[in-house]
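Here the structure is a predicted model, which means the values were calculated and not measured.
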Amino acid sequence: RLHQDQDELLEAESEYAAALALHPLSQPAAVALSHVRLLLGDGEAAREVLAAALDNLHRRIDVDPYHRYPMAYATEWQAAFVEMRRSAAR
């Protein structure tokens, strides 16, 4: 999050991708990576990360080492996840 807060988005993307690679079931890591990709202007890549997170939702872990990423549990992101789940189920 330090890189993102300093507007070093490419570095943030690299760190978030590494975090997600280490913990592929982490919702906050997926949201963080998706968010920074959206900030970088790559909406398609952002959606792909969230879609993969939704595909693995049933396998999520109880303890997530990245649970402090603030956007992961924000109300508007939760609503987006609900809508993506509905879309994926169709």
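- Atom CG of L38 and atom CG of L50 lie 9.0 Å apart (nearest 0.5 Å).
- Atom CD of residue Q27 and atom OG of residue S34 lie 11.0 Å apart, to the nearest 0.5 angstrom.
- A 4.5 Å side-chain heavy-atom check between L9 and Q4 finds at least one atom pair inside the cut-off.
- With values rounded to the nearest 0.5 angstrom, R37 atom CZ is found 12.5 Å from Y16 atom OH.
- Here the CG atom belonging to D42 is positioned 7.5 Å from the CD atom belonging to E48, to the nearest 0.5 angstrom.
- In this structure the side chain of V49 never reaches within 4.5 angstrom of the side chain of V31, judged on heavy atoms.
- Here the CG atom belonging to L10 is positioned 12.0 Å from the CD atom belonging to E15, to the nearest 0.5 angstrom.
- Counting only N and O atoms by type, the side chains of E11 and H3 include no donor and acceptor under 3.5 Å apart.
- Minimum heavy-atom separation, L40 to E13: CD1-OE1, 3.6 Å.
- Nearest heavy atoms, L20 versus S26: CD1-O, 3.8 Å.
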